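Worksheet: the structure to be examined is printed underneath.
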Amino acid sequence: MTIPQPTPHTSTGVQAADFKEFDYVIVGGGTAGLAIAARLSEDPAISVGVIEAGLWRPKDPKINYPAFIGQSLMDPDYDWCLETVPQSHSNGRKYAWPRGKVLGGSSALNFLVWQRGYKGEFDDLEKLGNQGWNWDDFSQFSRKSSTLHQPSTQLQKDNFATPDPLAHGTSGPVQTSYSLWYTEAQLPWFKAMKELGLNNAVDGLDGNNSGVWASPATVDAKNHVRSYAASAYYSPNAHRENLKVITGALASKIELGSDRDANGELKATGVSFDVEGQSYTVKARKEVILSAGTIKSPQILELSGIGSSDVLSKLGIDVKVESPGVGENLQEHLYCASSFKLKPGFTTWDKMRQSDFAKAAMEQYHGEGEDRGIIASAFSGFAYVPLSQYMTKEEIQGVKDKVNQVDWSKYSKGIQETIKLQLDRLEDESCPFMEYIFAPGFFATASPPKDGAEYFSILSALMQPFSRGTIHAQSTNPKDDPLIDPKYFSVDADLDVLAKGVNYCDKIVSSPSLKEIVVERQDPNPEVYKEEKDFREYVKDQSVSEYHHLGTCSMMPKDKDGVVNERLKVYGVANLRVADASIIPFQISSHIQAAVYAIGEKAAHMILEDARRA
Ligand SMILES: Cc1cc2nc3c(=O)[nH]c(=O)nc-3n(C[C@H](O)[C@H](O)[C@H](O)COP(=O)(O)OP(=O)(O)OC[C@H]3O[C@@H](n4cnc5c(N)ncnc54)[C@H](O)[C@@H]3O)c2cc1C
């Protein structure tokens, strides 16, 4: 299909020479960063400067059109195009780690899924020592960030779009809605999951996400385009005199003064950044907020002298604040796709490979009326299950045993506590360990789809990984990417949980409702992948990042090697906060953008509250 051409690069018009001093300087104009910038600049007396490495692309179809998800991945015009080091437990494979390098950050590239997770996971934040962080608090900020467009058609309701209005925001900037287009194969999938004993969770966003349900997406129902940080939080406020966003600017380090206050803390005075090879420094009168994401926030801290002396001394960086947790505790959801060929007569996203169909779909999308067809559609079928859905008691005990056999004494006190909290989740039947995404098309990675065939895929995703990895700077040059080592499957129990979860897809597809519409499993190839040990190999070779990296600037008490406290303040620096996905100390059973927007909203709230108290 011919993709309409993107508009030329667009900057916000702010020049480096004019970007000199603000009350608050935010590093990273992404998901959390723009939410904070918009909220702080609601007060015209507060000035806010945002430094963003990518460009502003407000009318770009690759970002805006829902069905074009994935088309900007690993394209340097949009993406940092990162990858992991070879993963020894995945047969030495490197994993691609796309990450938004554009105004709006990863919210401009993501797959639009809008979910929140299980309430017990948010209450665990408080159990870890982060006072004031729990489900009630989180859901309040999540509602503040978003507005749900209620489903209006019978087709939506038939496809399980039955939200509880009280669970959703009604006046927040991020617009969410349910798909208006569904493949005919989705309903049989829902039914099959119910045949296997799963409940229909009426609205998976109310904190009880176990079961099968339809998810909304970040698609603005008014104009059928992606709603993301740049369109929701920046564009409507771009006219504000007190908000300046500089694009194409790479932040290199946080400038720290040399004096310590009565608490022994340093003060951030500003941020150095680079535009087209020229270096500049912007001053921060009040605070610096680091929102560069899970990969770049720890790197920038390290380049500024905040981190573990072991890491910094190898790079020849002076240690200004010893903070051993920086870049540690990295966690990621991994998923593996299984694709099933459908009997003739179904319409799925696969049809978009046929030029006549794609042309007609584009005409419908650009037409008038509420339903803009397949191009306006997004993922909507989800099931979240506890381990008992597909593992016996003995097998679950095996998971516990394997986790307990790891020598956790090598890890920080905080990481040890997060592992304990995760082990407790095994006892909680309401806490999902596996996510099944219904994908209306071919998504497997091992072989290409066959011409003219229609498929659906089940993406099985590991929700509560026990493996912990690291991200650290590997040179003093801010242009060099940090070294990403998620140490996937270093805890073998993760491989068991995911491999058995993928294997369970056969059971799903053998349920009466699906059995009659499926021709065959294409991937994992049934000739090769038959037994449990085969599925372990499939997972090692074909698992993919779900792009939900977090944990590298974990919010935990200082004596647990946290990097920030519950006010998101960096230990050892009086006026520096981190607010992005990196502060979340453990995985949640969800896609995480809603959590990150809520972090942005809460960070702005706390910054203003602290300023009033000062
Ligand atoms: C491909 C993909 C698909 C995903 N799908 C979903 C989904 O469907 N649903 C969901 O809930 N979540 C999804 N996620 C995850 C979610 O989008 C991210 O977790 C979230 O957006 C991260 O927000 P953040 O604020 O932490 O970082 P980001 O939004 O990535 O923002 C960081 C910003 O900082 C900028 N930056 C970094 N370093 C510098 C520097 N040195 N100088 C200046 N600027 C810098 C970056 O360019 C970026 O704009 C997906 C993510 C990806 C990448």
Side-chain angles (χ1 to χ4, degrees), residues 25-36 50-56 66 69-74 78-82 96-117 142 174 176 215-219 226 228-230 233-234 245-254 271-275 289-301 303-304 332-333 335 378-379 382 437 459 461 478-482 544-550 552-553 578-584 588 590-600 603:
V25 175
I26 300 172
V27 179
T31 314
L34 289 183
I36 300 168
V50 180
I51 303 170
E52 169 53 44
L55 300 175
W56 186 27
I69 52 164
Q71 301 208 2
S72 52
L73 300 194
M74 302 320 259
Y78 305 81
D79 187 350
W80 289 91
C81 305
L82 301 157
W97 271 35
R99 217 65 206 152
K101 187 181 186 181
V102 60
L103 194 64
S106 299
S107 72
L109 263 62
N110 74 23
F111 289 179
L112 305 162
V113 179
W114 182 255
Q115 301 181 352
R116 293 193 182 132
S142 183
V174 181
T176 67
S215 172
T218 44
V219 175
R226 175 192 294 268
Y228 69 113
Y233 282 101
Y234 176 65
V245 175
I246 184 163
T247 50
L250 183 80
S252 45
K253 71 171 181 172
I254 294 151
V271 179
S272 293
F273 63 97
D274 198 282
V275 178
I289 299 127
L290 189 51
S291 297
T294 296
I295 300 164
K296 300 283 178 171
S297 282
Q299 179 190 19
I300 294 170
L301 285 179
L303 297 184
S304 313
E332 167 60 330
H333 290 153
Y335 79 86
F379 291 103
F382 289 81
I437 308 175
L459 317 185
K479 289 188 185 134
D480 290 346
D481 292 326
V544 180
S545 161
E546 207 181 12
Y547 323 118
H548 298 163
H549 337 121
L550 50 76
T552 49
C553 298
V578 182
D580 55 30
S582 71
I583 66 109
I584 309 174
I588 54 174
S590 178
H591 298 247
I592 65 170
Q593 65 169 330
V596 179
Y597 280 118
I599 288 167

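Predicted model, so just to flag it, every value in this text is computed and none were measured. First listed ligand is number 1; within each ligand, the first listed atom is number 1.
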Geometric N/O contact [X] with ligand 1, under 3.5 angstrom:
X: Ile592; answer: yes
X: Gln593; answer: yes
X: Gly54; answer: no
X: Ile300; answer: no
X: Ala251; answer: yes
X: Val113; answer: yes
X: Glu546; answer: no
X: Ala53; answer: yes
X: Leu73; answer: no

Closest approach of [X] to [Y] (non-hydrogen atoms, all atoms of both residues):
X: Val596; Y: Ala581; result: CG2-CB, 3.8 Å
X: Asp580; Y: Gly293; result: OD2-N, 2.8 Å
X: Ser72; Y: Tyr78; result: CB-CG, 3.6 Å
X: Leu103; Y: Glu52; result: CD1-CG, 3.9 Å
X: Val113; Y: Ser215; result: CG1-OG, 3.8 Å

Looking at the rings of His591 and Phe382, which for Trp means the six-membered one, are their centres under 6.0 Å apart?
yes
Quick check, are the ring centers of Phe111 and Tyr547 under 6.0 angstrom apart?
yes
With heavy atoms of [X] as the reference, note each atom of ligand 1 found under 4.0 Å away.
X: Ala249; value: 42 (N), 43 (C)
X: Arg99; value: 18 (C), 19 (O), 22 (C), 53 (C)
X: Ala292; value: 32 (C), 34 (O), 37 (C), 38 (N)
X: Lys101; value: 47 (O)
X: Ile51; value: 43 (C), 44 (N)
X: Ser107; value: 21 (O)
X: Ala581; value: 26 (O)
X: Val102; value: 49 (O)

Could you tell me whether the side chain of [Y] reaches within less than 4.5 Å of the side chain of [X], counting heavy atoms only?
X: Val102; Y: Leu55; answer: no
X: Trp114; Y: Val174; answer: yes
X: Asn110; Y: Arg226; answer: yes
X: Ile246; Y: Val50; answer: no

Spatial distance of atom [atom1] ([X]) from atom [atom2] ([Y]) [nearest 0.5 Å]:
X: Ser582; Y: Gln299; atom1: OG; atom2: CD; result: 12.5 Å
X: Leu550; Y: Ile584; atom1: CG; atom2: CD1; result: 5.0 Å
X: Lys296; Y: Leu250; atom1: NZ; atom2: CG; result: 7.0 Å
X: Ile583; Y: Ile599; atom1: CD1; atom2: CD1; result: 4.0 Å
X: Leu34; Y: Ile26; atom1: CG; atom2: CD1; result: 8.0 Å
X: Gln593; Y: Leu112; atom1: CD; atom2: CG; result: 7.5 Å

Heavy atom of the protein closest to [atom] (residue, atom name, distance):
atom: atom 1 (C) of ligand 1; answer: Tyr547 CD1, 3.5 Å
atom: atom 13 (C) of ligand 1; answer: Asn110 CB, 3.6 Å
atom: atom 53 (C) of ligand 1; answer: Pro98 O, 3.4 Å
atom: atom 31 (O) of ligand 1; answer: Gly30 CA, 3.3 Å
atom: atom 35 (C) of ligand 1; answer: Glu52 OE1, 3.3 Å
atom: atom 5 (N) of ligand 1; answer: Phe111 N, 3.0 Å
atom: atom 25 (O) of ligand 1; answer: Ala32 N, 3.1 Å
atom: atom 27 (O) of ligand 1; answer: Gly293 CA, 3.8 Å

At a non-hydrogen distance cut-off of under 4.0 Å, which region of [X] contacts ligand 1 (side chain, backbone, both, or neither)?
X: Ser291; value: backbone
X: Ala229; value: neither
X: Trp80; value: side chain
X: Leu112; value: backbone
X: Leu250; value: both

With a 4.0 Å cut-off on heavy atoms, does Thr294 reach ligand 1?
no
Among Ser297, Pro478, Ser106, closest by heavy atom to atom 28 (P) of ligand 1 is Ser106
Heavy-atom proximity to atom 23 (O) of ligand 1 ranks first, among Thr31, Val271, Ile36, for Thr31
Let's go through Arg116 and Ser590 carefully: what are the C-alpha distance in whole Å and the side-chain angles of both, what is the deciding distance for side-chain hydrogen bond (donor to acceptor under 3.5 Å, both in side chains) to 0.1 Å, and is it a yes or a no?
CA-CA 6 Å; Arg116 293 193 182 132; Ser590 178; over 6 Å; no
Quick one: list whatever passes ring-ring contact (aromatic ring centres under 6.0 Å, His included) with His549, sequence neighbours left out.
Trp97
